[in-house]
Chemist: 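Structure incoming, see below.
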2 protein chains.
Amino acid sequence: MAAPKTRNNRQTPCEQCPLRALPHFREFKPDELDFVSNFKTGELAVDAGTTILVEGSHSAHLFTVLSGWGFRYKMLDDGRRQILNYMMPGDLIGLQGSLMGEMQHSVEALSPVTLCVFERDKLGTLYRNYPDLAYDLTWIAAQEERILDENLLSIGRRSALERAAYLLAFLYQRAKASNLFKGARVSIPITQQHVADTLGLSIVHTNKTLKKLGERKLIRWADRGCDILDDEGLMKISGWEGYHDKNRPFI
Amino acid sequence: MAAPKTRNNRQTPCEQCPLRALPHFREFKPDELDFVSNFKTGELAVDAGTTILVEGSHSAHLFTVLSGWGFRYKMLDDGRRQILNYMMPGDLIGLQGSLMGEMQHSVEALSPVTLCVFERDKLGTLYRNYPDLAYDLTWIAAQEERILDENLLSIGRRSALERAAYLLAFLYQRAKASNLFKGARVSIPITQQHVADTLGLSIVHTNKTLKKLGERKLIRWADRGCDILDDEGLMKISGWEGYHDKNRPFI
DNA sequence: CGGTATGTTGAACACTATCAATCGGGGTGG
DNA sequence: CCACCCCGATTGATAGTGTTCAACATACCG
């Protein structure tokens, strides 16, 4: 019998959470760690391509990405798709849905993804008894807002080449902070279609734009993914200065 | 001696807040009202065109719009501007800056605006003692995120005509909920340059696109503003379904 | 009355989309 | 093992959307 694609049994205790070990993330106080450990009801592992949350649905769960890559998107009736943001280890998924009922966007895995599962019912306890964690949740929502602001500026006002450079520099910086490259040179696991749907461009024009970045030795398009060769060069083209977060909160 | 442009004296007690009277907004519990009343340290009135918050600055204050229209934007070094969202009565301004230190966007008034002023130092007390208000703050941040998601979809994937229709329907619906039209037919106080900077289009093409909407009797461009003649027609063109919020929280 | 801000219009041009065809790698079934 | 198919990437040609430039109209303001 084949191994199941998804498992629900708990595997990584919060006390040994690998994310807390990274300098990018902040430490918990002991009582907070206890609560979070209890808040977490399980773990979910999904394959690349799996839809984790669907627009229009009501989910009883919240997730934090423990490993892997994903993305958030919305679609129009005729199939046009807009990718809103990418999810990496430490990112919270489904807060919007938990607070406002219905999901207004979908979430899909780009690679095999492991998720910590939380019950949205326990959010009330969190707000009542753990004000610092409540503050962190607001912080996380505000941080997402900040990223969306930047994306909006990019799509609205940057040229195709600038947009592409911004996106790849952005993904590179975030992935590095989340330790997704683990020392080794790992590609960003996206297709050119994902890039196109993020930047608001057609797939053909995206291809030609990425080729220009390749000719300038800033990136190399690998098999089903992108290698960043010169992130500072990308940031220079895009005019983006990057983030400077340290000790980021997460749940 | 001329009247000062801005006043700092308190004028509208929270107990008589005109926003709470609107069906769109939720009611406070008595102790919450007490706290908010104390949280509010003053009121600020500014003229149209005033910059309320500047990108890169550190503000000690948070604001809620009590009356008037404003907008949030970011700029690139060479002057390209992207409007991110519009502010109307009940909207909170500066939460991002309060949580993360530096403002990453600017805020400007479109009309005379009155603001309730809050001290960001008291946010800690709010989180420690008023979990429901803390929850509301997260809700407000998530709501902003939802709007940005929708804007991103619009700019990234809708045509110029669809984008313009979406924007005007969106502004109309929000303004109506915030009672900005007060029964009388009041124009949305924006210039075509604002529309262009919101939609990611040039001013010339924006003008031609708005003209098309005018020819279809969906809007009428007035002096320095826009009248909505057929909001359902606009929603139909854009493919946007609108929001369905009732009893929205605000601070 | 000149100056500024906003809105309008036409023409030429550039960027991006669409269409169509091809290529290469990986997986599958014969 | 090989033919076949599918997906993602690539490329050229053509069409179309949106930009830029430039000129002009209108209203408001000191």
Side-chain angles (χ1 to χ4, degrees), chain A residues 2 47-49 71 76 78-83 108 110-111 154-165 167-168 187-215 219-227 237, chain B residues 2 47-50 71 76 78-83 108-111 154-168 187-215 219-227 237-238:
Chain A
D47 289 335
F71 65 95
L76 292 173
D78 61 6
R80 284 176 285 181
R81 179 176 74 168
Q82 177 64 43
I83 294 181
E108 188 176 319
L110 277 170
S111 69
S154 199
I155 296 192
R157 287 302 179 204
R158 284 195 246 249
S159 70
L161 193 72
E162 291 170 335
R163 277 184 235 185
L167 173 64
L168 296 172
S187 297
I188 299 173
I190 51 176
T191 67
Q192 297 190 354
Q193 185 67 62
H194 291 118
V195 176
D197 287 348
T198 309
L199 303 183
L201 299 172
S202 71
I203 176 73
V204 174
H205 197 245
T206 298
N207 179 278
K208 289 167 183 169
T209 303
L210 290 173
K211 194 181 174 189
K212 283 185 193 167
L213 292 178
E215 283 164 359
I219 65 167
R220 189 178 50 204
W221 203 264
D223 183 38
R224 235 161 285 242
C226 178
D227 293 347
I237 287 186
Chain B
D47 289 336
T50 305
F71 65 95
L76 293 172
D78 61 6
R80 285 176 285 181
R81 179 176 75 169
Q82 178 63 41
I83 293 181
E108 187 177 319
L110 277 170
S111 69
S154 199
I155 296 191
R157 288 302 179 204
R158 284 195 245 250
S159 69
L161 193 72
E162 290 170 336
R163 277 184 232 184
Y166 160 69
L167 173 63
L168 296 171
S187 297
I188 299 174
I190 52 177
T191 67
Q192 296 189 356
Q193 185 67 62
H194 291 118
V195 177
D197 287 347
T198 309
L199 303 182
L201 298 172
S202 71
I203 176 74
V204 173
H205 197 244
T206 298
N207 178 279
K208 289 167 183 170
T209 303
L210 291 173
K211 193 181 174 188
K212 282 185 194 168
L213 292 178
E215 283 163 359
I219 64 167
R220 188 178 50 203
W221 203 265
D223 183 40
R224 232 164 287 240
C226 178
D227 292 346
I237 287 186
S238 66

Chemist: Can you tell me how far P of D:dG16 sits from NZ of B:Lys208, to the nearest Å?
Modeler: 17 Å
Chemist: Checking all strands, does A:Gly200 fall into the base, sugar-phosphate, or nothing category for heavy-atom contacts under 4.0 angstrom?
Modeler: sugar-phosphate
Chemist: Does any pair with a residue in residues 189-200 of chain B pass salt bridge (Lys or Arg N to Asp or Glu O under 4.0 Å), and if so which ones, sequence neighbours excluded?
Modeler: A:Arg157-B:Asp197, B:Arg81-B:Asp197
Chemist: Between B:Arg163 and B:Arg158, is there a donor-acceptor pair closer than 3.5 Å when you use the side chain of the first and the backbone of the second?
Modeler: yes
Chemist: Can you tell me the distance, in whole Å, between the CG atom of A:Asp197 and the P atom of D:dG8?
Modeler: 12 Å
Chemist: Which pair of non-hydrogen atoms, one from B:Trp221 and one from B:Ile190, has the smallest distance, and what is that distance?
Modeler: CZ2-O, 3.5 Å
Chemist: Between D:dG16 atom P and B:Leu161 atom CG, what is the distance in whole Å?
Modeler: 17 Å
Chemist: Without swapping roles, check the side chain of B:Asp47 against the backbone of B:Gly49 for a donor-acceptor pair under 3.5 Å.
Modeler: no
Chemist: Atom CZ of B:Arg158 and atom P of D:dT17: how far apart are they, to the nearest Å?
Modeler: 18 Å
Chemist: To the side chain of B:Leu201, which of C:dG10, C:dA17, D:dG18 is closest?
Modeler: D:dG18
Chemist: Grab the CG-P distance between A:Asp78 and C:dT18 for me, whole Å please.
Modeler: 11 Å
Chemist: Rounded to the nearest 0.5 Å, how far does CD1 of A:Ile155 lie from CG of A:Leu199?
Modeler: 6.5 Å
Chemist: Calculate the interatomic distance between B:Lys212 atom NZ and D:dT17 atom P; express it in whole Å.
Modeler: 8 Å
Chemist: When you compare the protein's N or O atoms with those of nucleotides 4-8 of chain C, which come within less than 3.5 Å of each other, and at what distance?
Modeler:
unit_1: C:dG7; atom_1: OP1; unit_2: B:Trp221; atom_2: NE1; d: 2.9
unit_1: C:dG7; atom_1: OP2; unit_2: B:Gln192; atom_2: N; d: 2.9
unit_1: C:dT8; atom_1: OP2; unit_2: B:Gln192; atom_2: NE2; d: 2.8
unit_1: C:dT8; atom_1: OP2; unit_2: B:Asn207; atom_2: ND2; d: 2.8

Chemist: Below 3.5 Å, can you tabulate the donor-acceptor pairs from side chains in residues 204-213 of chain A to any protein atom, sequence neighbours excluded?
Modeler:
unit_1: A:Thr206; atom_1: OG1; unit_2: A:Ser202; atom_2: O; d: 2.7
unit_1: A:Asn207; atom_1: ND2; unit_2: A:Gln192; atom_2: OE1; d: 2.8
unit_1: A:Thr209; atom_1: OG1; unit_2: A:His205; atom_2: O; d: 2.8

Chemist: Please report the distance, rounded to the nearest Å, between CG in B:Leu199 and C1' in D:dT19.
Modeler: 15 Å
